[in-house]
Protein chains: 2
Amino acid sequence: MNLYSFILRKDDTSLQKNKSEKYNKILNSAGAVFAEYGFYKATISQIAAQAGVADGTLYLYFKNKDDILYQFISFKTNVVFKEMHAAVKKGRNAEEKLRYLIRCHLTEFQNDRNMAIIFQSEVRYLRDIESQIKDISKMYLGLLSDIIEQGQIEGSMRQDLFIGLVKRFILGAVEGVISTWVSADGRYDLVSMADPLVDLYLTGLKG
Amino acid sequence: MNLYSFILRKDDTSLQKNKSEKYNKILNSAGAVFAEYGFYKATISQIAAQAGVADGTLYLYFKNKDDILYQFISFKTNVVFKEMHAAVKKGRNAEEKLRYLIRCHLTEFQNDRNMAIIFQSEVRYLRDIESQIKDISKMYLGLLSDIIEQGQIEGSMRQDLFIGLVKRFILGAVEGVISTWVSADGRYDLVSMADPLVDLYLTGLKG
DNA sequence: TTAAAGAATGAATTTATATTCATGATACTT
DNA sequence: AAGTATCATGAATATAAATTCATTCTTTAA
């Protein structure tokens with residue numbers, strides 16, 4: 001059902017390394033092509049060409065075109081999941097945790113622009129993928145809830161916050177910043193926005 | 001080039017009212033179908049059925065499928081444009097202007113959920129539409145810049161704000177809130193989020 | 001009342017591309 | 001080295017849906 005079971009289904013042999021390589025090649029090529037043209041305008045032939053294999057070969061590794069996008073998002077989601085959890089753990093108090101989370105978020109997306117584009121724009125399509133995305137989003141919002149509650153206990157954040165709104169507010173603003181960076185073809189350093197952004201969260205426009 | 005010239009091209013007769021009605025019917029139906037299925041999965045036949053006309057009829061009013069989406073976005077953009085400008089004018093100081101703008105934004109999107117969905121998810125598509133969207137986005141960011149600068153002059157907002165970031169921060173957060181509301185099938189009142197949201201902008205999490 | 005113009009229809013056509021599968025290549029085993 | 005199994009190929013097929021256009025219906029005006 002997930003990425004790992006998929007790989008094992010076909011690669012549980014001594015050939016594992018080779019097949020894995022081709023699988024990854026296709027997945028990366030798909031990421032590039034989807035990011036450039038969008039899922040629907042991207043064609044199997046384009047992806048195959050980019051990966052240097054025949055069209056039919058994609059169907060040895062993926063069920064169909066939808067499945068390629070699904071696998072891509074599953075894989076990236078898992079990776080980012082782990083990084084973010086680790087990042088939050090490093091923080092010793094709520095403010096630090098928030099800072100690490102935002103920094104991690106921006107770092108991951110800056111390092112994988114195709115992923116950034118795909119997460120941002122192909123989110124809405126397949127039902128499966130939609131719930132996949134909702135999962136990552138839920139996880140993220142869960143992390144934020146914990147941080148805010150901790151901040152309230154610590155006394156570093158106000159008690160009257162409507163957490164449901166605050167979570168969205170924080171996530172929306174990061175995504176907005178990423179979105180702009182993508183539109184600007186990634187021509188500036190995204191990660192350097194992290195601290196100013198967190199300052200805005202914490203102290204607002206009035207200061 | 002814009003909606004008005006398009007209408008005039010075909011409706012500059014005494015029949016204007018009737019034709020306009022059919023044009024609008026198709027446009028609204030298209031909005032509903034695009035919102036439900038997404039641009040690519042939506043079919044001409046679905047839109048035609050929804051509008052109660054034959055497939056071929058769509059081609060009397062629109063150049064092709066892309067054009068339908070383009071016209072839809074042009075039209076909605078113009079409407080929202082005007083409302084937002086008017087809203088900002090009502091405010092007597094920066095804080096009030098911001099409040100009116102956000103309230104207007106949420107009101108417009110709450111009142112037209114199809115538009116909200118389409119703006120949120122079909123944005124990335126045609127080159128033309130992309131620039132169309134960039135225009136509305138630019139306009140919005142321009143309004144925000146003005147408000148922030150005014151706030152700085154008035155002394156109600158801090159001097160050390162990085163305006164380029166703040167604009168994105170504000171827009172991203174509203175969009176995030178709208179996005180959640182759409183995902184929740186519009187089951188709660190979006191406009192009531194406006195004031196808590198603006199409070200977050202202004203005073204932040206620390207308060 | 002009827003003929004001409006305009007509008008609408010929807011079946012037929014066109015196009016595009018995802019997917020299949022017969023064939024050929026490659027690697028592994030004994 | 002021959003045989004077997006696995007993997008890769010890409011031309012052929014299937015399918016879906018956008019678009020066209022000959023025909024029919026409706027309105028207008030003399």
Side-chain angles (χ1 to χ4, degrees), chain A residues 6-31 33-34 36-72 122 125-126 128-129, chain B residues 6-30 32-34 36-72 122 125-126 128-129:
Chain A
F6 180 86
I7 289 177
L8 291 175
R9 186 166 85 234
K10 296 216 160 193
D11 291 353
D12 199 9
T13 72
S14 58
L15 281 181
Q16 182 160 10
K17 222 170 296 174
N18 289 329
K19 289 193 194 170
S20 226
E21 268 164 32
K22 195 154 282 190
Y23 172 88
N24 286 321
K25 188 114 202 253
I26 293 170
L27 210 58
N28 281 328
S29 304
V33 176
F34 288 157
E36 179 163 4
Y37 298 98
F39 178 76
Y40 283 99
K41 281 197 187 151
T43 71
I44 292 291
S45 296
Q46 282 176 306
I47 297 168
Q50 176 100 357
V53 299
D55 292 12
T57 304
L58 301 215
Y59 292 87
L60 301 175
Y61 294 90
F62 300 90
K63 218 167 63 209
N64 51 37
K65 190 183 172 188
D66 287 4
D67 189 44
I68 301 175
L69 180 56
Y70 177 78
Q71 300 283 337
F72 182 89
E122 308 301 346
Y125 286 122
L126 308 167
D128 281 345
I129 283 182
Chain B
F6 180 86
I7 289 177
L8 291 175
R9 184 165 88 234
K10 296 215 159 192
D11 292 353
D12 199 9
T13 73
S14 56
L15 283 180
Q16 182 160 9
K17 221 170 295 172
N18 290 329
K19 289 194 197 170
S20 227
E21 268 164 33
K22 193 153 283 189
Y23 172 88
N24 285 322
K25 188 113 202 254
I26 294 171
L27 210 58
N28 281 328
S29 304
V33 175
F34 288 157
E36 180 165 3
Y37 298 99
F39 179 77
Y40 284 101
K41 284 196 185 152
T43 71
I44 292 290
S45 296
Q46 282 177 305
I47 296 168
Q50 176 99 357
V53 298
D55 293 12
T57 304
L58 300 215
Y59 292 87
L60 300 175
Y61 294 89
F62 300 90
K63 218 168 62 209
N64 52 36
K65 191 183 173 187
D66 287 4
D67 189 44
I68 301 176
L69 180 56
Y70 177 79
Q71 298 284 337
F72 183 89
E122 309 300 346
Y125 176 43
L126 308 167
D128 281 345
I129 284 182

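Per chain, numbering begins at 1; letters A, B, ... match sequence-line order. Below, all heavy atoms of this structure are taken into account, side chains as well, without hydrogens, waters or symmetry copies. Computed from a predicted model, the values in this text were never measured in an experiment.
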Set of residues satisfying side-chain contact (heavy atoms from CB on, under 4.5 Å) with respect to Ala48(B), sequence neighbours excluded: Val53(B), Asp55(B), Leu58(B)

Answer with base, sugar-phosphate or nothing: what part of the nucleic acid does Thr43(A) contact at a heavy-atom distance below 4.0 Å?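 Result for Thr43(A) = sugar-phosphate.
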
Would you classify Ala42(A) as touching base, sugar-phosphate or nothing, given that sugar-phosphate means primed atoms plus P, OP1 and OP2, and contacts are heavy atoms under 4.0 Å?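 Answer is sugar-phosphate: Ala42(A) comes under 4.0 Å of backbone atoms only.
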
[X] has an atom [atom1]; how far is it from atom [atom2] of [N], in whole Å?
| X | N | atom1 | atom2 | answer |
| --- | --- | --- | --- | --- |
| Ile68(B) | dA17(D) | CD1 | P | 15 Å |
| Leu58(A) | dT19(C) | CG | P | 10 Å |
| Lys22(A) | dA8(D) | NZ | P | 4 Å |
| Asn64(A) | dT15(D) | CG | C1' | 15 Å |
| Lys63(B) | dA18(D) | NZ | P | 17 Å |
| Leu69(B) | dA18(D) | CG | C1' | 15 Å |
| Ile26(A) | dT19(C) | CD1 | P | 14 Å |
| Asp55(A) | dA11(D) | CG | P | 9 Å |

By nearest atom, which of the nucleotides dA7(C), dT9(C), dT19(C) is closest to the Tyr61(B) side chain? dA7(C)

Taking the side chain of Leu60(A) as its heavy atoms from C-beta onward, which of dT19(C), dT9(D), dT19(D) lies nearest to it?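 Of all the options, the side chain of Leu60(A) is nearest to dT9(D).
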
Comparing nearest nucleotides in DNA chain C, the 5'-proximal residue of the pair Ile44(A), Thr57(A) is Ile44(A)

Tyr70(B) versus Asp66(B): any side-chain heavy-atom pair under 4.5 Å?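 No, side chains not in contact.
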
Would you say that Gln71(A) contacts Asp67(A) through its side chain, given a criterion of any heavy-atom pair below 4.5 Å between the two side chains?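 Gln71(A) vs Asp67(A): side chains touch.
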
Rounded to the nearest 0.5 Å, what separates atom CD1 in Ile68(A) from atom CD1 in Ile44(A)? 4.5 Å

